[in-house]
Structure formats: structure tokens, C-alpha cells
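These notes concern the structure reproduced below.
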Amino acid sequence: MKQGIDAGNGVYLHIIEPEAVDTNQVACLDSTEQLRSQAFLFDRDRHLYVAAHVFLRQVLSAYAELSPADWQFSVGKYGKPAISNPGLKGLHFNLSHTHGLLACAVSWQHEVGVDIEQPRPLNDLRSLSHTVLSDVEMKHVFNGTNSREQE
């Protein structure tokens with residue numbers, strides 16, 4: 001049932017600002033999504049959640065001939081959502097959102113992940129770097145060199 005965009009072996013990344021999503025289409029969300037959206041205390045957070053999930057359904061509808069309201073999801077062992085519509089189990093996606101930006105990664109071939117965050121200043125980049133970078137990476141970051149320059 002692979003119709004619409006044929007991503008082949010690729011991974012596609014869709015990015016949009018929440019304000020560009022028509023959140024009047026909230027009816028396309030399933031009952032679980034609608035209940036969850038109502039649980040937000042702040043309108044700003046509710047709007048972001050609704051925009052992200054409407055956007056996800058619109059993006060997925062470009063990959064298969066389903067309307068945004070017809071997508072069905074299940075939750076995997078580790079809490080990651082997956083498509084449960086028959087014939088579409090090979091279509092993988094991941095959704096991330098933060099105030100001001102939504103991102104959705106999609107692939108027919110690969111599990112995908114995407115994560116976006118609000119930019120914020122790093123007060124102690126060197127200390128943080130010691131926890132996430134190897135010694136070689138630290139050298140490149142703090143000496144201002146690019147690993148390709150040294151090859």
C-alpha cells in the first residue's frame with residue numbers, strides 16, 4: 001500500500017512553524033490525542049500539541065492514500081508511537097516539537113528519530129563536552145579544527 005511520496009531508502013525531514021498549521025483541523029485527531037490536548041494547562045502548550053499532531057497526520061497523508069483522520073497509532077515497548085494501519089507497518093516516523101518549531105522525520109525503510117530543542121546559552125560548554133565528547137572530538141571543538149581538515 002505504498003502510495004504517495006516514495007521515499008525509497010531515504011529519510012525525509014519535514015519542518016514547519018506551529019503557526020503555519022491549521023489547528024482548526026483538530027477533528028482529525030483521535031480521541032486519545034484530543035483528550036491529551038485538553039489536559040494542558042496553558043493554551044500555548046495545547047496549541048503546540050495540536051499543531052504538532054495535525055502536522056504529523058498531514059505529513060503522513062503525503063506518503064499513503066489516507067486522510068489525516070484515518071491514521072491509527074499504537075505505542076511500542078519503549079513508548080515510541082508507531083503506525084498501526086494495515087499495510088503501512090513499514091512506514092516509520094518520529095515527531096518532535098518545541099515552541100516555534102515542529103519536525104517530523106519519515107522513512108519507508110528505516111526507524112527514524114528527530115529531536116529539536118529551544119536554543120539556549122551554554123554557560124559551561126567545556127564541562128558539558130567532557131560528558132558527551134571523546135578526547136579527539138574535544139580537541140577538534142576547542143582547537144577550532146575540523147576533522148576533515150586533518151585527513
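Minimum heavy-atom separation, Tyr63 to Tyr12: OH-CB, 3.1 Å. Across every non-hydrogen atom of Leu133 and Glu137, the tightest pair is CA-OE1, 3.3 Å. Scanning both residues, Ser37 and Val50, for their nearest heavy atoms gives CB-CG2, 3.7 Å. A pairwise comparison of heavy atoms in His92 and Lys89 identifies CE1-O, 4.0 Å as the closest pair. Pairing each heavy atom of Gly10 with each of Ser107, the nearest pair is O-OG, 3.1 Å.
Here Ser129 contributes atom OG and Asp135 contributes atom CG; the two are 11.5 Å apart, rounded to the nearest 0.5 Å. Here OG of Ser96 is found 6.5 Å from CD of Glu117. Values are rounded to the nearest 0.5 Å. Atom CG of Leu48 and atom NE2 of His53 lie 9.0 Å apart (nearest 0.5 Å). We find the SG-NE2 distance between Cys104 and His97 to be 11.0 Å, quoted to the nearest 0.5 Å. For the atom pair CZ (Arg126) and NE2 (His130), the distance works out to 6.0 Å, reported to the nearest 0.5 Å. Separating the CG atom in Leu101 from the CD atom in Glu17 is a distance of 7.5 Å, to the nearest 0.5 Å.
Side-chain atoms of Glu33 come within 3.5 Å of backbone N or O of Asp30 as a donor-acceptor pair. Counting only distance, with no hydrogens or angles, the side chain of Thr23 and the backbone of Ala51 share no donor-acceptor pair below 3.5 Å. A donor-acceptor contact shorter than 3.5 Å is absent between the side chain of Asn94 and the backbone of Ala105. Side-chain atoms of Thr131 come within 3.5 Å of backbone N or O of Leu128 as a donor-acceptor pair. In this structure, Gln34 contributes its side chain and Leu29 its backbone to a donor-acceptor pair below 3.5 Å.
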Only distances under 3.5 Å count here; give the side-chain donor-acceptor pairs of residues 68-80 to other protein atoms, sequence neighbours excluded, each with its distance to 0.1 Å.
from	atom 1	to	atom 2	distance (Å)
Asp70	OD2	Ser67	OG	2.9
Trp71	NE1	Ser61	OG	3.0
Lys80	NZ	Glu111	OE1	3.4
Lys80	NZ	Val112	O	2.8

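Note: the hydrophobic cluster containing Leu13 does not contain Val59 (ILVMFWY, side chain heavy atoms under 4.5 Å, direct or indirect links). Residues Phe142 and Val136 are members of separate hydrophobic clusters, defined by side-chain heavy-atom contacts under 4.5 angstrom among Ile, Leu, Val, Met, Phe, Trp and Tyr. With hydrophobic clusters built from ILVMFWY side chains whose heavy atoms lie under 4.5 angstrom apart, Val114 shares a cluster with Ile15.
In this structure, Arg36 fails the cation-pi test against Tyr49, since its NZ or CZ atom is not both closer than 6.0 Å to the six-membered ring centre and inside 45 degrees of the ring normal.
For the salt bridge (charged side-chain N to carboxylate O under 4.0 Å, His left out) test, residues two or more places apart in sequence or in another chain that qualify with Asp43 are Arg46.
At least one side-chain heavy atom of Gln58 sits under 4.5 Å from a side-chain heavy atom of Gln25. Side-chain atoms of Ile16 and Val21, non-hydrogen and from C-beta on, do get closer than 4.5 Å to each other.
Ring centroid separation for the pair His14 and Phe93 does not come in under the 6.0 Å cut-off.
Of the candidates Leu91, Leu66, Leu88, Leu60 forms a side-chain contact (heavy atoms from CB on, under 4.5 Å) with just one, namely Leu91.
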